[in-house]
> 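Encoded as structure tokens, here's the structure I'll be asking about.
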Amino acid sequence: MDHIGYTLKLSEKIKIKNVLLNKGTKNIEEQEIEKKLKVVNNYAFKKFDVEFLKTKLYDNENDNSTILKIKIEKFSFLFTGDASKKVEKALLKENIKATFLKLGHHGSKTSSDELFLKKVNPSFAIISSGRNNRYNHPSTETIEVLNKLKIKNLNTQDKGTLHIKIDRNQYHIIPTIT
């Protein structure tokens with residue numbers, strides 16, 4: 001449910017023109033989305049570049065997360081979904097350096113491999129995890145690696161939704177909770 005579980009409900013309230021889904025076998029939710037919404041493989045934008053980083057097809061849904069890099073002006077964002085360290089290691093041969101990294105799998109210990117973090121070399125690691133979540137995300141191990149590498153982290157547990165505004169080659173991070 002934390003991946004795409006509310007897509008169709010959202011589409012009742014918000015007009016959704018296109019949906020990008022993972023490649024490979026589709027689960028029940030994805031099959032329902034394909035029936036009701038327009039699914040596309042790529043999407044071009046006017047103000048920024050989007051690069052889908054291809055990895056092989058894995059045998060679990062988290063590792064088949066869509067991984068993309070978005071470049072806006074001189075800044076870049078790397079989104080790894082719920083991909084594990086195994087997928088991160090496969091990405092080491094790609095251009096994965098990014099200003100902002102949305103940590104994989106809510107900052108769990110299954111993601112955020114130290115070599116991967118060194119190669120990405122982000123200025124900020126963004127952790128998307130709910131307060132008092134049942135998995136205790138982010139993991140202590142992940143926070144320790146971020147601290148060791150001196151990577152600043154922003155957690156939605158204490159910052160809320162993060163708005164990163166980019167204008168004239170400057171960024172401003174605007175949390176909804178201060």
> Would Ile174 end up clustered with Ile70 when hydrophobic side chains under 4.5 Å apart are linked, directly or stepwise?
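No, because Ile174 and Ile70 fall into different hydrophobic clusters, even though each may have its own neighbours under 4.5 Å.
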
> Ala98 and Ser76: which non-hydrogen atoms are nearest, and at how many Å?
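Distance-wise, the nearest heavy atoms are CA-OG, 3.1 Å.
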
> Is a side-chain N or O of Ser112 found less than 3.5 angstrom from the main chain of Thr142, in a donor-acceptor match?
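Checking the backbone N and O of Thr142 against the side chain of Ser112, no donor-acceptor pair under 3.5 Å is found.
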
> Could you tell me which residues satisfy side chain to side chain contact (heavy atoms under 4.5 Å, CB included) with Pro138, sequence neighbours excluded, listed by chain and number?
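With neighbours one apart ignored, the set is Ile127, Ser129, Ile143, Asn155, Gln157.
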
> List the residues meeting side-chain hydrogen bond (donor to acceptor under 3.5 Å, both in side chains) with Lys102, not counting sequence neighbours, and say none if there are none.
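By the side-chain hydrogen bond (donor to acceptor under 3.5 Å, both in side chains) rule, Lys102 matches no residue at all.
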
> Could you tell me which residues satisfy ring-ring contact (aromatic ring centres under 6.0 Å, His included) with Phe77, sequence neighbours excluded, listed by chain and number?
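With neighbours one apart ignored, the set is Phe100.
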
> Salt bridge (charged side-chain N to carboxylate O under 4.0 Å, His left out): which pairs involve residues 107-125, sequence neighbours left out?
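Pairs touching residues 107-125 that pass the test: Glu114-Lys118, Glu114-Lys148.
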
> Which residue pairs pass the salt bridge (charged side-chain N to carboxylate O under 4.0 Å, His left out) test when at least one of the two sits in residues 8-19, sequence neighbours left out?
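Passing the test, one end in residues 8-19: no pairs.
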
> List the steps and the verdict of side chain to side chain contact (heavy atoms under 4.5 Å, CB included) for Leu68 and Leu53.
CA-CA 6 Å; Leu68 58 108; Leu53 299 177; over 6 Å; no

> What distance do Asp59 atom CG and Asn64 atom CG have between them, rounded to the nearest 0.5 Å?
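Nearest 0.5 Å value for the CG-CG distance: 8.0 Å.
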
> I want to check something: taking the side chain as every heavy atom from C-beta on, are Leu20 and Phe52 in contact at a cut-off of under 4.5 Å?
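Side chain of Leu20 against side chain of Phe52, heavy atoms only: contact under 4.5 Å found.
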
> Would you find more than 12 non-hydrogen atoms of other residues, nucleotides or ligands less than 6.0 Å from Asn169 atom CG?
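Enclosed.
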
> Could you pull out all residues at least two apart from Ser11 that satisfy side chain to side chain contact (heavy atoms under 4.5 Å, CB included)?
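Side chain to side chain contact (heavy atoms under 4.5 Å, CB included) check on Ser11 returns Leu8, Ile16, Leu37.
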
> Please collect all salt bridge (charged side-chain N to carboxylate O under 4.0 Å, His left out) contacts where either partner lies in residues 156-166, sequence neighbours excluded, each pair once.
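Residue pairs with at least one partner in residues 156-166: there are none.
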
> In this structure, are over 12 heavy atoms from other groups packed under 6.0 Å from Ile177 atom CD1?
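Yes.
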
> Do Val40 and Val19 touch side chain to side chain, with heavy atoms closer than 4.5 Å?
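Not in contact.
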
> Restricting to side-chain hydrogen bond (donor to acceptor under 3.5 Å, both in side chains), what partner residues turn up for Glu32, sequence neighbours left out?
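Glu32 satisfies side-chain hydrogen bond (donor to acceptor under 3.5 Å, both in side chains) with Lys35 only.
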
> So which heavy atom on Ser111 is nearest to which on Gly104, and how close?
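Scanning both residues completely, I find the closest heavy atoms to be CB-O, 3.5 Å.
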
> Check side-chain hydrogen bond (donor to acceptor under 3.5 Å, both in side chains) between Asn60 and all other residues, then give those that pass, not counting sequence neighbours.
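Once residues adjacent in sequence are excluded, the partners of Asn60 under the side-chain hydrogen bond (donor to acceptor under 3.5 Å, both in side chains) criterion are Asp63.
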
> Is there a side-chain contact between Ile96 and Phe116 in this structure, where contact means two heavy atoms from C-beta onward sitting under 4.5 Å apart?
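Side chain of Ile96 against side chain of Phe116, heavy atoms only: contact under 4.5 Å found.
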
> So does Lys71 have more than 12 non-hydrogen atoms from other groups sitting under 6.0 Å from NZ?
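Atom NZ in Lys71 is crowded, with more than 12 foreign heavy atoms closer than 6.0 Å.
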
> Can you list every pair that meets ring-ring contact (aromatic ring centres under 6.0 Å, His included) and has a residue in residues 143-169, with sequence neighbours left out?
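Those involving residues 143-169 do not exist here.
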
> Do you know which two heavy atoms are closest between Ala125 and Leu146, and how far apart they sit?
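Result for this residue pair: CB-CD2, 3.8 Å.
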
> Are Leu101 and Leu149 grouped together when hydrophobic residues (ILVMFWY) are joined by side-chain heavy atoms under 4.5 angstrom apart?
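Hydrophobic grouping puts Leu101 with Leu149.
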
> Please evaluate residues Ile164 and His172 with respect to the criterion side chain to side chain contact (heavy atoms under 4.5 Å, CB included), reporting the C-alpha separation (whole Å), side-chain torsions for both, the decisive distance (0.1 Å), and the verdict.
CA-CA 6 Å; Ile164 301 172; His172 303 283; over 6 Å; no

> Can you check whether Leu103 reaches Thr80 side chain to side chain, under 4.5 Å on heavy atoms?
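Sidechains of Thr80 and Leu103: no contact.
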
> Keeping Thr7 on the side-chain end and Ile4 on the backbone end, is there a donor-acceptor pair under 3.5 Å?
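The answer is yes, because a donor-acceptor pair under 3.5 Å joins these two groups.
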
> Under the side chain to side chain contact (heavy atoms under 4.5 Å, CB included) test, which residues partner Ala83, sequence neighbours left out?
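For Ala83, the residues satisfying side chain to side chain contact (heavy atoms under 4.5 Å, CB included) (neighbours in sequence not counted) are Ile67, Val87.
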
> Apply side-chain hydrogen bond (donor to acceptor under 3.5 Å, both in side chains) to Lys150 and list each qualifying residue two or more places apart in sequence or on a separate chain.
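Listed in chain order: nothing, the list is empty.
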
> Using the rule that two of Ile, Leu, Val, Met, Phe, Trp, Tyr join whenever any of their side-chain heavy atoms come within less than 4.5 Å, decide whether Ile126 and Phe48 are in one cluster.
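Linked within one cluster.
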
